[in-house]
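Lettering of chains follows the sequences in order, A, B, ..., and the numbering in each one begins at 1.
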Number of protein chains: 2
Amino acid sequence: MSALNAHIGYRVRIAQVRIFKDVYERMERLSMTLGAFSALLVIRDNPGVRQGVLGAAMHIKRPNMTKLVNGLEKDGLVTRLTPPDDKRAVELRLTPLGEARIAEAVRSVGAHDEAVRDLLGARDRATLLRLLDRITEGLTPER
Amino acid sequence: MSALNAHIGYRVRIAQVRIFKDVYERMERLSMTLGAFSALLVIRDNPGVRQGVLGAAMHIKRPNMTKLVNGLEKDGLVTRLTPPDDKRAVELRLTPLGEARIAEAVRSVGAHDEAVRDLLGARDRATLLRLLDRITEGLTPER
DNA sequence: TATTGTTATACTCTATAACTATA
DNA sequence: TATAGTTATAGAGTATAACAATA
């Protein structure tokens, strides 16, 4: 249709949208947003992670992180805990229900990820990740 | 930080966000949204394109297309024209101002695209696009 | 009846500024 | 003063339903 296709960014975006469409559908079936999935996964792997650290990992601003965690807490999936050594902070942990829900979601997304892996094969998959990282790191200014 | 990195979709998304951050900044300097840029580019290459066709090309729903084109028209960048053979439809064309603005934007985005190309080189760029397409097409169910 | 575009509306994601309570 | 989190708010982007005009 147009010159859009000539832009690498556009092509990367099309692939990303396509992948996420599948993942969204799986998440929807579990009544979970993608943001909730990502947060639960990171908390599972980093029990007691501070809210700000989680936000940084997810590239989500503090105010939006508050809303996301509010939802997770209201659904009984995570607990907020104020550490005694810094009463400003909030530590996040999964509840047993949160553990069960993320395990379920990981199974579903894992199945999707396998489909993508199979499309590429191990070798091409490694190549793709390497090239994507070169873009990500190459465009990120040194700090 | 987490298991997110193991997911291909997440890595594709990180690269996409990184690329679009640059493009957004360039668009911002030109007081143009990315949607406006894409629309102007497609209209430039397809003068008289119908609004619905443009929306399909951009994967934008009709009601949202209306809002986008309203803005472009209000800014004097495009004209709406009702073709005599189908009075329901709307044909879109760039105004001289629209031509000037898209030319300017294409120069700016072109410079960015070159930076990405230089990061990869011609060979790896072709490989990346091929692998992305395999994902996009492989996940898209036949119609 | 179906299609093109519009209007109204709502939901998600993202962003900034002002606030609180701690450090 | 600076930091962690919250609140309020506003802007994109996207989704559906109901509508008018036309085919």
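- If you take CZ of Phe37(B) and P of dA12(D), they are 19 Å apart, rounded to a whole angstrom.
- Atom CZ of Arg62(A) is separated from atom P of dT20(C) by 18 Å (rounded to the nearest Å).
- Here the side chains of Ile60(A) and Leu54(A) are not in contact, with every heavy-atom distance at 4.5 Å or above.
- Met27(A) places none of its side-chain heavy atoms less than 4.5 Å from the side chain of Thr33(A).
- Closest approach of Ser38(B) and Met58(B) over heavy atoms only: CB-CE, 3.7 Å.
- If you take CG of Leu68(A) and C1' of dA15(C), they are 16 Å apart, rounded to a whole angstrom.
- The nearest whole Å value for the distance from the CD atom in Glu28(A) to the C1' atom in dC11(C) is 12 Å.
- A salt bridge links Asp124(A) to Arg134(B): at least one charged side-chain nitrogen sits closer than 4.0 Å to a carboxylate oxygen.
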- Yes or no on side chain to side chain contact (heavy atoms under 4.5 Å, CB included) for Val23(B) and Arg26(B), after CA distance, side-chain angles and deciding distance? CA-CA 5 Å; Val23(B) 177; Arg26(B) 287 167 184 274; 5.6 Å; no
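- In this structure, the side chains of His59(A) and Ile14(B) come closer than 4.5 Å at one or more pairs of heavy atoms.
- Here the CD1 atom belonging to Ile19(A) is positioned 13.0 Å from the NZ atom belonging to Lys21(A), to the nearest 0.5 angstrom.
- Of the candidates dT14(D), dG5(D), dT14(C), dT14(C) carries the atom nearest the Asn64(A) side chain, counting heavy atoms from C-beta on.
- What separates CE of Met58(A) from C1' of dC13(C) is a distance of 11 Å, to the nearest Å.
- The side chain of Pro63(A) lies closest to dA17(C), out of dG5(C), dA17(C), dG5(D).
- Going from atom CG of Asn70(A) over to atom C1' of dT6(D) covers 9 Å, rounded to whole Å.
- Rounded to an integer number of Å, the gap from NZ of Lys67(B) to C1' of dT14(D) is 8 Å.
- Distance Phe20(A) CZ to dC13(C) P: 12 Å, rounded to the nearest Å.
- Residue whose closest nucleotide on DNA chain C sits further toward the 5' end, between Leu34(A) and Arg88(A): Leu34(A).
- For residues 79-87 of chain A, proximity to DNA chain C is found at Asp85(A), Asp86(A), Lys87(A), defined as any non-hydrogen atom under 4.0 angstrom from a strand atom.
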